[in-house]
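For reference, the structure discussed in these notes is given below.
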Amino acid sequence: MDRYLVFGHPVRHSKSPFIHTLFARQTQQELEYGLAEPAVDEFAQALRTFFDQGGKGCNVTVPFKEQAFTLVDCLSPRAKRAGAVNTIKLTDDGVLLGDNTDGAGLVADLKSHGVTLADSRILLLGAGGAARGALAPLLAELPSELVIANRTHTKAQQLAAEFCDLGPVTAQTYEQLAGLFDLVINSTSASLQGELPPLAPALIHTDIAIYDMMYGASDTAFISWAKQHGARQTMDGLGMLVEQAAEAFTVWRGIRPGTKQVLRELKRNLGVI
């Protein structure tokens, strides 16, 4: 039976085995999917051992995405742009192909919620790996403007400069932010600590769409804050998790699984519904 893993540290909380088991059942694919939590300095060896022992593919999560980028034999265009790899496939000719499905998963989830990206003004909070993976797919949807805001402004400036060839992307400090945004995406991990990015409440209005890449059994700190200030459409990253997994499954198996029922089952598993 074909074997797949998710590598991370920590990774025991991962929902990827649950998701991919449902995908396999739905598409009648025979595979097994497990967890691997090597020490931070042992990831490269663990990855080589997995594929030497017959592994077919893997997902890679924190803190190994940037390291995986350097360990594969070739990169997809979106992995090159993201500077990180979250999906690896062993091709038929023995090549390790690195891909990044995070941004595609984000865009697919936003569209499933009816969010219009074309001609929209988007605010992206954070300038780390999650933001980097999201930028190219978001800009491909042709927003009117994409603004990056980050606590360390120079990082936002560097990221905007790197992606400016793909569309109208700029960097602003939190204090500079003004005007109406159609969509705010929080790519920071602040919600994991119950913290908030320093966003002015005045930027929130009733017609804005709020997206937090983090998720939990209840509203994240950022979503709770946005609701308190009048946001009516709020979304967490659970749908993105499922959509990026579906994209990875397609890379591995050549068949696209449906996501709606899997997302419902995942929410039930988490106690969300």
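Position 1 is the first residue of the sequence; numbering continues from there. The figures here come from the full heavy-atom set of this structure, side chains too, leaving out hydrogens, waters and symmetry mates.
- A heavy-atom distance below 4.5 Å is found between the side chains of V184 and I208.
- In this structure, T152 contributes its side chain and T154 its backbone to no donor-acceptor pair below 3.5 Å.
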Evaluation steps, side chain to side chain contact (heavy atoms under 4.5 Å, CB included), between N100 and V85: CA-CA 5 Å; N100 190 304; V85 161; 5.9 Å; no

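- Residues Y215 and L196 do not share a hydrophobic cluster, clusters being chains of Ile/Leu/Val/Met/Phe/Trp/Tyr side chains in contact below 4.5 Å.
- Remark: the backbone N or O of V6 is not paired with any side-chain donor or acceptor of N59 at under 3.5 angstrom.
- Linking Ile, Leu, Val, Met, Phe, Trp and Tyr whenever their side-chain heavy atoms come within less than 4.5 Å puts L241 and V262 in one cluster.
- Using a 4.5 Å heavy-atom cutoff, the side chains of K15 and L266 are in contact.
- R81 forms a cation-pi arrangement with F163, by the criterion of a distance under 6.0 Å to the ring centre and an angle within 45° of the ring axis.
- Between the CG atom in L183 and the OG atom in S120 there is a gap of 6.5 Å [rounded to 0.5 Å].
- Q158 is linked by a side-chain hydrogen bond (donor to acceptor under 3.5 Å, both in side chains) to nothing, counting only residues two or more places apart in sequence or in another chain.
- Between atom OG1 of residue T170 and atom CG of residue L146 there is a gap of 8.0 Å, rounded to the nearest 0.5 Å.
- A donor-acceptor pair under 3.5 Å is absent between the side-chain atoms of N86 and the main chain of V60, judged by distance alone.
- You'll find the side chain of E145 stays beyond 4.5 Å of the side chain of I122, heavy atoms only.
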For L31 and R253, run side chain to side chain contact (heavy atoms under 4.5 Å, CB included): C-alpha distance rounded to whole Å, both residues' side-chain angles, the deciding distance at 0.1 Å, then the answer. CA-CA 10 Å; L31 60 87; R253 310 300 294 187; 4.0 Å; yes

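- The number of heavy-atom neighbours closer than 6.0 Å to CD of E30, taken from other residues, nucleotides and ligands shown, is 12 or below.
- Within 6.0 Å of atom NZ in K56, 12 or fewer heavy atoms from other residues, nucleotides or ligands are found, so the atom counts as exposed in its surroundings.
- Every residue two or more places apart in sequence or in another chain that forms a ring pair (Phe, Tyr, Trp, His ring centres under 6.0 Å) with H229 is listed here: W225.
- What you find for N186 and S191 is that their closest heavy atoms are ND2-OG, 4.0 Å.
- Note: W252 CH2 to T91 OG1 = 15.0 Å, rounded to the nearest 0.5 Å.
- Ring orientation note: the planes of H20 and F249 are close to parallel, at an angle under 30° on the 30°/60° scale.
- One finds no salt bridge joining K80 and D99 here, because no Lys/Arg side-chain nitrogen approaches an Asp/Glu carboxylate oxygen to under 4.0 Å.
- Contact check for L47 versus C58: side-chain heavy atoms found under the 4.5 Å cut-off.
- A salt bridge links E243 with R256; the closest basic N to acidic carboxylate O contact falls under 4.0 Å.
- Taking both residues in full, the closest heavy atoms of I148 and A127 are given as CG2-CB, 4.4 Å, listed atom of the first, atom of the second, then distance.
- Transitive grouping of hydrophobic side chains (ILVMFWY, heavy atoms separated by less than 4.5 Å) keeps L5 and F23 in distinct clusters.
- Taking both residues in full, the closest heavy atoms of R78 and A104 are given as NH1-CB, 3.8 Å, listed atom of the first, atom of the second, then distance.
- In this structure, A209 and M235 approach most closely via the heavy-atom pair CB-CE, 4.0 Å.
- Counting only heavy atoms from C-beta outward, the side chains of Q29 and I255 approach each other to under 4.5 Å.
- Taking OG from S189 and CG from D212, the interatomic distance works out to 10.0 Å, rounded to the nearest 0.5 Å.
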Take L106 and I185, measure what side chain to side chain contact (heavy atoms under 4.5 Å, CB included) needs, and give me the verdict at the end. CA-CA 10 Å; L106 170 65; I185 301 170; 4.2 Å; yes

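- S224 and Q228 share no side-chain donor-acceptor pair at under 3.5 Å.
- Between Q28 atom CD and R25 atom CZ the span is 12.0 Å, to the nearest 0.5 Å.
- Linking Ile, Leu, Val, Met, Phe, Trp and Tyr residues whenever their side-chain heavy atoms come within less than 4.5 Å leaves Y174 and L159 in two separate clusters.
- Under the 4.5 Å side-chain criterion, counting only non-hydrogen atoms from C-beta, K65 is in contact with D102.
- Taking each heavy atom of A156 and N150 in turn, the nearest pair found is CB-CB, 3.9 Å.
- At a threshold of 4.5 Å between side-chain heavy atoms, the hydrophobic network of Ile, Leu, Val, Met, Phe, Trp and Tyr places L125 and V169 in two separate groups.
- Considering CG of L22 and CZ of R264, their distance stands at 12.0 Å, rounded to 0.5 Å.
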Run the side chain to side chain contact (heavy atoms under 4.5 Å, CB included) check on L110 and L117 step by step: do they pass? CA-CA 8 Å; L110 286 166; L117 298 173; 4.1 Å; yes

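- Under a 3.5 Å cut-off, the side chain of Q176 and the backbone N or O of T173 do form a donor-acceptor pair.
- Few gaps surround CG on D93; more than 12 heavy atoms of other groups in view lie less than 6.0 Å from it.
- For D109 and Y211, the side-chain atoms include at least one donor-acceptor pair closer than 3.5 Å.
- Between the E37 side chain and the V11 main chain, a donor and an acceptor come within less than 3.5 Å of each other.
- Here the side chains of P143 and R121 are not in contact, with every heavy-atom distance at 4.5 Å or above.
- Ring-plane geometry between Y4 and Y33 is classed as parallel, the angle between the planes falling under 30 degrees on a 0 to 90 degree scale with a further cut at 60.
- Side-chain atoms of Q67 do not come within 3.5 Å of backbone N or O of F64 as any donor-acceptor pair.
- Minimum interatomic distance between A248 and T101 (heavy atoms only, all atoms of both residues): N-CG2, 3.8 Å.
- Judged by distance alone, the side chain of S187 and the main-chain N or O of A130 form no donor-acceptor pair under 3.5 Å.
- Inter-residue side-chain proximity for T250 and P257 is flagged as met; some heavy-atom pair is nearer than 4.5 Å.
- Although no hydrogens or angles enter the test, the distance criterion places a donor-acceptor pair under 3.5 Å between the side chain of T220 and the main chain of I223.
- Without hydrogens or angle criteria, H113 side chain to V115 main chain gives no donor-acceptor distance under 3.5 Å.
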